**Student:** 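Have a look at the structure that comes next, please.
Sequence lines set the chain letters: A, B, ... in the order given, protein chains first and strands last, and positions in each chain run from 1. In this text, all values refer to a predicted model and were calculated from it rather than measured experimentally. These numbers come from the heavy atoms of this one structure, side chains and all, not from hydrogens, waters or symmetry mates.
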Amino acid sequence: MATPMLIQDIAACDGQDVIIKGWLYNKTHKGKLVFMQVRDGTGIAQCVAFQKDLPPEQFEAARALTQESSIIITGRVRRDERAPGYPGGYEVGVTALEVIHEAEEYPISPKEHGVEFLMDNRHLWLRSSHQWAIIRIRATIIKAIRDWLDDHGYLLVDTPILTPAAGENTTTLFQIDYFGEPAFLAQTGQLYNEANMAAHGKVYCFGPTFRAEKSKTRRHLMEFWMVEPEMAFFSLDDLIAMEQEFIAYIVQTVLTTRRQELTILERDTTRLENIIPPFPRITYTEAVARLQKLAAETTDPELKESLQIEWGDDFGAPHETAIAGMFDKPVFVTHYPVEAKAFYMQPNEEDPGVVNCTDLLAPEGYGEITGGSERISDPALMAERVKTMGISEEAYRWYIDLSRYGSVPHAGFGLGVERMVAWICGLPHIRETIPYPRMLSRKYP
RNA sequence: UCCACAGUAGCUCAAUCGGCAGAGCAAUCGGCUGUUAACCGAUGGGUUGUAGGUUCGAGUCCUACCUGUGGAGCCA
């Protein structure tokens, strides 16, 4: 009696008669036998149909089967070193084949395709093994994020996506019509997080965020997912200590639970195995000095040009890559100039020209994966900041209230999930890190 | 928004100095009992991104536009 089986469990079913429900991933036939690579969502298994083992009409159906046709296969699992697939090493000797739907000519072949074509067919491309591996790792990263926070006393508190006020910078917000009033898609949950923090101590929000920046780079999406922890009575040192444990846990969790997927992606995991605390940290000022030294020493005129920087400038992509390249772990860059950062960041006591903030730059040129800081907790300073930034006091009254009623030193950060996925998977472009990327010139499918 | 490059068969690409529109893969048909992006033989497949211009003749040269790719900028 054949029993249903998921392909991920194929090794445990050796010798058993099983039923697989799935899709034909690829096929090759050789006279009186047909090799079918069948995927069921949990893996890919080679199913071998010999003419003598099937009713004639079913063998003919196997020979004629089109790529991505949906099928139900009955057969016996056997160990075979030659069998490809994920996990592979076992194959199914087919005794019956039922075709559920014969697919039309499938546009994506196992051969190479261009970026535009694949993105136009993103809804189908997701079935390909590379994309399958990425999306599974993404799910594991998200689970690791939530597990670590939940296990360390952080409470998930949701923040709104539809927000009423734009503050000072409407150009980077998507505006929508809210019953005749303008509303905006959230760029961050942080301000609401600070209110939630005062209620629960350590909180985090996790959801999609939206930025209408006309960024056309390999690291930017218009819609991306961000986790933002916010902690009461936290200093910059507390923040850095927490972040490195958190990041290391995520990386190590993927390494231990998604080996197969990292192999599919041909990721060099030795770089990831090294991601354990403590991470190096340098100040912004030190980073600028190192960049200037590097620019002075290099003989490459293009690199020299791209590394030009003066104290006070924010880092561009070449700067981030160069700084990260000086370390083999993620590096915390702290104490940026006040002007380069957000209005709510706490100025440094000894050097008021910089803020107590830290960006975490990933190795291998993957850029900023977290950005965080101590927040201003002094009511007078907050009021002054709000005024000088030209922020609507009416729209942000609720936020200003937070500094009036039991204000405490606090800190938090945001982590971009897609950049984390790109780094861990070793992907050259962020577009493959989310099922349906929203980019400057693409919102289909 | 700026710079560079590209657009030819379903896909990936060729086409010499401006002179017959071509291949691999995919598809279809046939062959093969161990394939790993199989292989072998055969068949079908084209408004060369759009609009205009130069020329006896334009995929190729010129102008504008559209679309995409790479990079920069932008980026609490």
**Student:** Can a side-chain donor-acceptor contact be found between A/Tyr344 and A/Glu194 if the only test is distance below 3.5 angstrom?
**Tutor:** no
**Student:** Taking only the C1' atom of each, what is the distance from B/rU67 to B/rU48 in whole angstrom?
**Tutor:** 16 Å
**Student:** Could you tell me how far apart A/Met226 (CE) and B/rA76 (P) are, to the nearest whole angstrom?
**Tutor:** 12 Å
**Student:** If each of A/Val48 and A/Thr66 is mapped to the nucleotide of RNA chain B with the nearest heavy atom, which maps nearer the 5' terminus, i.e. the 5' end?
**Tutor:** A/Thr66
**Student:** Using distance alone, with no hydrogens and no angle criterion, decide if A/Gln131 and A/Arg122 have a side-chain donor and acceptor under 3.5 Å apart.
**Tutor:** yes
**Student:** Taking everything shown except A/Tyr436 itself, do over 12 heavy atoms lie less than 6.0 Å from its OH?
**Tutor:** yes
**Student:** Figure out the CD/C1' separation between A/Glu60 and B/rC29, and round it to whole Å.
**Tutor:** 12 Å
**Student:** Can you tell me how far P of B/rC74 sits from NZ of A/Lys216, to the nearest Å?
**Tutor:** 16 Å
**Student:** Mind checking whether A/Val417 and A/Ile145 have side chains closer than 4.5 Å, heavy atoms only?
**Tutor:** yes
**Student:** Say you pick atom P in B/rG70 and the same atom in B/rG24; how far apart are they, in whole Å?
**Tutor:** 30 Å
**Student:** With heavy atoms under 4.0 Å as the rule, sort A/Asp80 into base, sugar-phosphate or nothing.
**Tutor:** base
**Student:** Rounded to whole Å, please give me the gap between CD1 in A/Ile369 and C1' in B/rC75.
**Tutor:** 17 Å
**Student:** Dump every N/O contact between nucleotides 5-15 of chain B and the protein below 3.5 Å, one line per pair.
**Tutor:**
residue	atom	partner	partner atom	Å
B/rC11	O2'	A/Glu112	O	3.3
B/rC11	O2'	A/His113	ND1	2.5
B/rU12	OP1	A/Gly114	N	2.8

**Student:** Should B/rC17 be called syn or anti, with syn set as within 90° of 0?
**Tutor:** syn
**Student:** Please determine, for the side chain of A/Thr28, which listed nucleotide (B/rU35, B/rC74, B/rA76) has the closest atom?
**Tutor:** B/rU35
**Student:** Measure from CD on A/Gln67 to C1' on B/rA27 and round the result to the nearest Å.
**Tutor:** 12 Å
**Student:** Reading RNA chain B from 5' onward, which residue's closest nucleotide shows up sooner: A/Phe35 or A/Thr217?
**Tutor:** A/Phe35
**Student:** As a test of reading the structure: which of B/rA72, B/rU35, B/rA76 is closest to the side chain of A/Gln37, going by heavy atoms?
**Tutor:** B/rU35
**Student:** Report the secondary structure of RNA chain B in dot-bracket form, marking unpaired bases with a dot and bases paired to a different strand with |, and treating Watson-Crick or G-U pairs with both distances under 3.5 Å as paired.
**Tutor:** (((((((..((((.....[..)))).(((((.......))))).....(((((..]....))))))))))))....
**Student:** Please state how far atom CD1 in A/Ile430 lies from atom C1' in B/rG70, giving the value in whole angstrom units.
**Tutor:** 17 Å
**Student:** Using a distance-only test with no angle check, is there a side-chain donor-acceptor pair under 3.5 angstrom linking A/Thr298 and A/Asp300?
**Tutor:** no
**Student:** If we ignore angles and hydrogens, is there a donor and acceptor under 3.5 Å between the side chains of A/Ser377 and A/Arg375?
**Tutor:** no
**Student:** Looking at A/Arg138 and A/Glu418, is any side-chain nitrogen of the basic one under 4.0 Å from a carboxylate oxygen of the acidic one?
**Tutor:** yes
**Student:** Would you say CZ of A/Phe117 has more than 12 non-hydrogen atoms from neighbouring residues, nucleotides or ligands within 6.0 angstrom?
**Tutor:** yes
**Student:** Just the table, please: protein N/O against nucleotides 30-33 of chain B N/O, every pair under 3.5 Å.
**Tutor:**
residue	atom	partner	partner atom	Å
B/rC32	N3	A/Gly31	N	3.2
B/rC32	N4	A/His29	ND1	3.0
B/rC32	N4	A/Gly31	N	3.4
B/rU33	OP2	A/Lys32	N	3.1

**Student:** Which part of the nucleic acid, if any, lies within reach of A/Glu305 when heavy atoms closer than 4.0 Å are counted: base, sugar-phosphate only, or nothing?
**Tutor:** nothing
**Student:** Let me know the distance between CD of A/Glu302 and C1' of B/rA72, rounded to the nearest Å.
**Tutor:** 12 Å
**Student:** Answer with yes or no whether the side chains of A/Asn193 and A/Glu230 bring together a donor and an acceptor at under 3.5 Å.
**Tutor:** no
**Student:** Ignoring backbone atoms, establish whether A/Arg431 has a side-chain N or O less than 4.0 Å from OP1 or OP2 of B/rG70.
**Tutor:** yes
**Student:** Send over the distance from A/Phe413 CZ to B/rA76 P, rounded to a whole Å.
**Tutor:** 19 Å
**Student:** If the P atom of B/rA27 is compared with that of B/rU69, how far apart are they to the nearest Å?
**Tutor:** 27 Å
**Student:** Identify which one of A/Arg82, A/Arg76, A/Arg79, A/Arg78 satisfies the salt bridge (Lys or Arg N to Asp or Glu O under 4.0 Å) criterion when paired with A/Glu91.
**Tutor:** A/Arg78
**Student:** Hey, would you say the A/Tyr284 and A/Phe315 ring centroids sit under 6.0 Å apart?
**Tutor:** yes
